[in-house]
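Taking it in order: structure first as structure tokens, then the write-up.
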Amino acid sequence: MALPIKHSVAVMIFNGGQVLAIRRPDDDDELPGIWGLPAGSCRGAETVDQVIRRIGREKLGVTLDPIRKITFGTQDRPAYRLEMELWEASMQGAPTYREWKWSRVDVLVPGAHRGSLCCELALRSNKREIP
């Protein structure tokens, strides 16, 4: 039996040679406490642009504008198959998210090791090996 599919979008927001990383809450169901990228799942018939703008508005408290699709990947999880697009976005405003920072993309390595698809896609798209 095929797993249900969950469509999600993650965004990379660059500031020079750094990327905006957010820390998942310690009570997160799947990947507690990891540093990752802002991401969201598609709701109903939302377009990718709409999801990116919602991530900015609801998660970060800023305005995000999509720039380009970077890559795409899939991952089977216990209850569903995750299909994720990784996009570059520009940001207007300062994030209000509780834990965020500008960092080198290497901050995503621990998340990739723990199974974060957005971390894995970001590292691979930046030609970083996942040690």
Side-chain angles (χ1 to χ4, degrees):
M1 180 176 209
L3 292 171
I5 295 174
K6 181 177 179 181
H7 298 278
S8 296
V9 179
V11 293
M12 292 189 81
I13 304 159
F14 295 99
N15 182 11
Q18 298 185 318
V19 65
L20 185 131
I22 62 171
R23 186 176 179 276
R24 285 184 179 231
D26 290 329
D27 62 355
D28 186 85
D29 290 340
E30 295 181 332
L31 297 164
I34 69 153
W35 285 96
L37 299 173
S41 295
C42 298
R43 297 177 183 163
E46 271 185 319
T47 66
V48 169
D49 284 9
Q50 290 170 328
V51 176
I52 291 170
R53 293 178 200 290
R54 179 169 49 82
I55 292 166
R57 186 177 60 254
E58 295 179 6
K59 189 169 277 190
L60 299 175
V62 299
T63 299
L64 292 182
D65 291 310
I67 296 175
R68 67 183 177 97
K69 181 178 174 179
I70 299 171
T71 191
F72 172 86
T74 62
Q75 182 182 76
D76 286 340
R77 296 205 171 161
Y80 59 91
R81 169 166 250 203
L82 179 61
E83 293 186 349
M84 178 174 280
E85 292 186 28
L86 178 63
W87 279 71
E88 180 179 355
S90 65
M91 179 174 73
Q92 293 81 47
T96 57
Y97 191 83
R98 63 192 165 283
E99 282 191 72
W100 70 274
K101 64 183 177 181
W102 293 109
S103 182
R104 291 183 17 209
V105 74
D106 297 342
V107 74
L108 304 175
V109 169
H113 281 291
R114 290 184 47 202
S116 168
L117 182 56
C118 72
C119 291
E120 178 184 329
L121 293 173
L123 290 164
R124 291 189 194 287
S125 73
N126 279 272
K127 309 292 189 264
R128 297 288 203 286
E129 290 298 315
I130 303 170

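From a predicted model like this one, the values you see are computed outputs, not experimental measurements.
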How many angstroms lie between atom [atom1] of [X] and atom [atom2] of [Y], to the nearest 0.5 angstrom?
{"X": "Thr74", "Y": "Leu121", "atom1": "OG1", "atom2": "CG", "value": "9.0 Å"}
{"X": "Tyr80", "Y": "Gln75", "atom1": "OH", "atom2": "CD", "value": "8.0 Å"}
{"X": "Glu120", "Y": "Met84", "atom1": "CD", "atom2": "CE", "value": "10.5 Å"}
{"X": "Trp87", "Y": "Arg68", "atom1": "CH2", "atom2": "CZ", "value": "10.0 Å"}
{"X": "Leu64", "Y": "Arg57", "atom1": "CG", "atom2": "CZ", "value": "10.0 Å"}
{"X": "Thr63", "Y": "Gln92", "atom1": "OG1", "atom2": "CD", "value": "5.5 Å"}

What are the two closest non-hydrogen atoms of [X] and [Y], and how far apart are they?
{"X": "Ala89", "Y": "Ile52", "answer": "CB-CG2, 4.2 Å"}
{"X": "Tyr97", "Y": "Lys59", "answer": "CD1-O, 3.2 Å"}
{"X": "Arg114", "Y": "Pro32", "answer": "NH2-O, 2.9 Å"}
{"X": "Val9", "Y": "Cys42", "answer": "CG2-SG, 4.5 Å"}
{"X": "Gly40", "Y": "Val51", "answer": "O-CG1, 3.9 Å"}
{"X": "Gly61", "Y": "Thr96", "answer": "CA-OG1, 3.6 Å"}

Evaluate the criterion side chain to side chain contact (heavy atoms under 4.5 Å, CB included) for residue pair Leu37 and Leu108; output intermediate values, then yes/no.
CA-CA 8 Å; Leu37 299 173; Leu108 304 175; 4.0 Å; yes
Would you say Lys69 and Val48 make side-chain contact, with heavy atoms under 4.5 Å?
no
Show your reasoning for whether side chain to side chain contact (heavy atoms under 4.5 Å, CB included) applies to Met12 and Val105.
CA-CA 10 Å; Met12 292 189 81; Val105 74; 4.2 Å; yes
Leu20 and Val11: side chain to side chain contact (heavy atoms under 4.5 Å, CB included), yes or no, with the steps?
CA-CA 9 Å; Leu20 185 131; Val11 293; over 6 Å; no
Those residues at least two apart in sequence (or on a different chain) that pass salt bridge (charged side-chain N to carboxylate O under 4.0 Å, His left out) with Asp27 are none
Would you kindly confirm whether Trp35 and Ile13 end up in one hydrophobic cluster when ILVMFWY residues are joined by side chain heavy atoms under 4.5 Å apart?
no
Enumerate the residue pairs fulfilling side-chain hydrogen bond (donor to acceptor under 3.5 Å, both in side chains) with a member in residues 1-26, sequence neighbours excluded, ordered by first and then second residue.
His7-Glu83, Ser8-Ser41, Arg23-Asp26, Arg23-Glu99, Arg24-Asp28
Transitive ILVMFWY cluster of Ile34, excluding itself - 4.5 Å side-chain cut-off:
Leu31
Begin with the C-alpha distance, continue with both residues' side-chain angles, and end with the deciding distance and a verdict on side chain to side chain contact (heavy atoms under 4.5 Å, CB included) for Val107 and Lys101.
CA-CA 10 Å; Val107 74; Lys101 64 183 177 181; 3.7 Å; yes
